[in-house]
Amino acid sequence: MSLSLYDTFSREVRSLQPQDSKTLRFYCCGPTVYGPAHIGNFRTFVMQDIFRRVVEASGSATRHVRNITDVDDKTIRQSQEENRALSDFTAAWTARFHEDCTALGLLPPHVEPSAVEHLPEQIDLISRLIDKGHAYRTDDGSVYFDVRSFPAYGKLSRLAEREITTGEVDREQSDEYDRASAADFALWKAARPDDGPNHWTSPWGQGRPGWHIECSAMAMKHLGESFDLHSGGVDLVFPHHENEIAQSEAATGKTFAHHWLHIAHLTVEGRKMSKSLGNLYTLEDLAERGHTPMELRYVLISGSYRQPLNFTFDSLAAAKKSLTRIGNWQRRLGGDTEIHSTGKGDFGPFAPVFEALTNDLNTPEAIGRLHSIGRKIIAKAEAEELSPTETKAASKGLSLVLQCLGLVLPDPKNAISSDADETPASVRGLAAERFEARQNRNWELADKLRDQIREAGWTVLDNPDGFALEPVETATEFTNHQS
RNA sequence: GGCGAGGUAGCCAAGUGGUAAGGCCGGGCUCUGCAAAAGCUCUAUCGCGGGUUCGAUUCCCGCCCUCGCCUCCA
């Protein structure tokens, strides 16, 4: 395996190797399930997915753990407001999250632990910290991590202690929990009246876990006390990951994660996403505008994960075009019928694409190379300068490379016969008739039938060997809706 | 204020100490009964000012501007 990857901790690009030289074990901070995830969240998950695919295609096995945060301020507050049981509430949003992930072609993690299902592990970890003098209980029954007991605190985000503790005064006032030092953070929060029934028994009384502790406990349980890589969005560097390091390493004395991967944020039309700006989009929002999840995936990988990426509806439209184009190449090369479960294999002429991915997951470079290599190959194919062997190699390489990128293109064969979708049989019948008319060079009838199909709300697109049908809206819906 | 990232064609976005990938849009062309696709092709000297160098967009300094994080937001 030869993947080099930027590491937030050392701040350099380092070669990544599984510690046991077989299985790369990594943890991803998952979603808080209190609403639909937005496209910015998915940038992180998509990049983590690419990471995994590249590792696996490089010949290493993976163990991928991504948690579900189903107990915290937001889930509790929101479920209370809606008068729903917390578990029902989070189960529904978890299901929605899974649907979105599937639509985006994300490989499911090997383990997807939930925070409420790991309370014993969290309580145990907190106890260890108290025993070692790294945590203390307050009068109200909460437990805090004592930042001063862990001198290395701040090493990931490189904040000197002085900076950590200044500027805390305002917030401390509004915080209902009392703590010894402003930088200390909650491991266990005592139950409050507005938590409703959402509290659990602990040695320190009724309450619930703090946010950070769940990831430490679950990562350790499913990956061991020391594992290969941890990742999340950049905003998690501080405080979340900093706190995870503190808790975990204070408890175990071992290096928590050996490599830290952080994905930069997505901006929308040049601005930070926020509810007040009304530019927080979900997959559903994009679908309403006629865009597919794969188009979004393409956009999300069109920039370097280390740089903020500017999402625009123009780029979504561009993605649609590019995907169509690549799909056509696939068809022209005859398609690749073999299944490549792990993405391992001979990339043939597309090897440089994969190579770009192993260089710090350079997805934009990979896409660039994919286009230039693909174009050349198709030109040769058109000129009939491609031998059957070369065609096969190109077809397989293209298929493998697309798999590494997680891009699933619509099967052109399905589009031609249009039997896999919800096209009405009547429309399909008309289109079939029209195809026959065209074969007989009966242009008059063909044009008439096309008009009829259009009246039924469908656009018919001719191919040399068949036809495709598209609803009229989606065929024309790619203008920029932003004002 | 602290820490960090960045300013590359109309838009999105890579990259390199030796005169800039790719995609979209736009122009030209080919093919196509029409329409749509598809294929080919054209379009930038890299925020500003210095410095180092034979040579900088790429390294250093200064300036201008944008953005992120700074306690629970991917």
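Below, all heavy atoms of this structure are taken into account, side chains as well, without hydrogens, waters or symmetry copies. So you know, we letter chains A, B, ... as the sequences are listed, proteins then strands, and number each from 1. A quick note: this is a predicted structure, and the numbers were derived from the prediction, not measured.
Listed nucleotides A13(B), C73(B), C72(B) differ in distance to K272(A); the shortest reach to its side chain belongs to C73(B). Taking every side-chain heavy atom of D235(A) into account, A74(B) is the closest of A74(B), A37(B), C34(B). With G23(B), C72(B), A14(B) as the candidates, the nucleotide lying closest to the side chain of D73(A) is C72(B).
Note on L266(A): a base of the nucleic acid sits closer than 4.0 angstrom, heavy atoms only. Nucleic acid contact class of R271(A) (heavy atoms, under 4.0 Å, all strands): none. Among the heavy atoms of the strands, none lies under 4.0 Å from M47(A). H265(A) comes within 4.0 angstrom of a nucleotide base, judged by non-hydrogen atoms across all strands. Using a 4.0 Å heavy-atom cutoff across all strands shown, Q307(A) reaches sugar-phosphate atoms only and no base atom. Using a 4.0 Å heavy-atom criterion, one finds that G40(A) contacts the bases of the nucleic acid, with or without backbone contacts as well. Here L236(A) lies in heavy-atom contact (under 4.0 Å) with sugar-phosphate atoms only. Counting any heavy atom pair closer than 4.0 Å across all strands shown, R66(A) reaches no nucleic acid atom. As judged by a 4.0 angstrom heavy-atom cut-off over every strand, T267(A) is placed among residues making no nucleic acid contact. As judged by a 4.0 angstrom heavy-atom cut-off over every strand, H262(A) is placed among residues making no nucleic acid contact. Counting any heavy atom pair closer than 4.0 Å across all strands shown, D447(A) reaches a base atom.
Taking the charged nitrogens against the carboxylate oxygens, E365(A) and R369(A) do have a contact shorter than 4.0 Å, which makes a salt bridge.
In this model, the phosphate group of A38(B) is not approached by any side-chain N or O of R325(A) to a distance below 4.0 Å at OP1 or OP2. Proximity of K74(A) to the phosphate of C73(B): a side-chain N or O atom is located under 4.0 Å from OP1 or OP2. Distances shorter than 4.0 Å separate some side-chain N or O of K321(A) from OP1 or OP2 on C25(B). At G39(B), one or more side-chain N or O atoms of W329(A) fall inside 4.0 Å of OP1 or OP2 (strictly under the cut-off). In this structure, R306(A) does not reach the G6(B) phosphate: none of its side-chain N or O atoms is under 4.0 Å from OP1 or OP2. In terms of phosphate contacts, N362(A) brings a side-chain nitrogen or oxygen within less than 4.0 Å of OP1 or OP2 of G15(B).
Among residues two or more places apart in sequence or in another chain, the side-chain contact (heavy atoms from CB on, under 4.5 Å) test is passed with E249(A) by F150(A), K155(A), I245(A), T255(A), F256(A).
You'll find the side chain of R325(A) reaches within 4.5 Å of the side chain of H371(A), heavy atoms only. Using a 4.5 Å heavy-atom cutoff, the side chains of I378(A) and L333(A) are in contact. Considering only heavy atoms from C-beta on, W204(A) comes within 4.5 Å of I126(A) through its side chain.
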Handout entry: Structure string for RNA chain B in dot-bracket form, Watson-Crick and G-U at under 3.5 Å, | interchain
Key = (((((((..(((.....[...))).(((((.......)))))....(((((..]....))))))))))))....
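With both ends at atom P, the span from C64(B) to U43(B) equals 37 Å, rounded to whole Å. To the nearest whole angstrom, the two P atoms, one in G10(B) and one in C69(B), are 30 Å apart. U45(B) sits 16 Å from A21(B) when the C1' atoms are compared, rounded to a whole Å. Annotation: G47(B) and U41(B) have their C1' atoms spaced 32 Å apart (nearest Å). Rounded to whole Å, the P atom of U58(B) lies 15 Å from the corresponding atom of A9(B). Using atom P as the reference point in both G23(B) and C42(B), the two lie 12 Å apart (nearest Å). One P atom belongs to C67(B), the other to C60(B), and the distance between them is 25 Å to the nearest Å.
A donor-acceptor contact under 3.5 Å links the side chain of R434(A) to the base of G33(B). The base of C34(B) is paired with the side chain of R450(A) by a donor and an acceptor separated by under 3.5 Å.
Under the 6.0 Å cut-off for aromatic ring centres, F313(A) and Y281(A) qualify, their centroids lying closer than that. Ring centroid separation for the pair F9(A) and H259(A) does not come in under the 6.0 Å cut-off.
Counting only distance, with no hydrogens or angles, the side chain of N440(A) and the backbone of N442(A) share no donor-acceptor pair below 3.5 Å.
Closest of all the heavy-atom pairs between P293(A) and A103(A) is CB-O, 3.3 Å. Residues W329(A) and G374(A) approach most closely at CZ3-CA, 3.6 Å, considering heavy atoms.
As rounded to whole Å, 13 Å separates atom C1' of C24(B) from atom CD1 of I326(A). Rounded to whole angstrom, the span from the CZ atom of R441(A) across to the P atom of G33(B) amounts to 6 Å. Rounded to whole Å, atom C1' of A13(B) lies 14 Å from atom CG of D314(A). To the nearest angstrom, P of C72(B) lies 15 Å from NE2 of H241(A). Between the CG atom of L370(A) and the P atom of A21(B) there is a distance of 18 Å, rounded to whole Å.
Within the model, atoms CG of D285(A) and CD1 of I39(A) stand 8.5 Å from one another, a figure rounded to the nearest 0.5 Å.
Within residues 98-108 of chain A, no residue has any heavy atom closer than 4.0 Å to RNA chain B.
None of T312(A), N279(A), N310(A) except one satisfies the side chain to side chain donor-acceptor pair (under 3.5 Å) rule with T267(A); the exception is N310(A).
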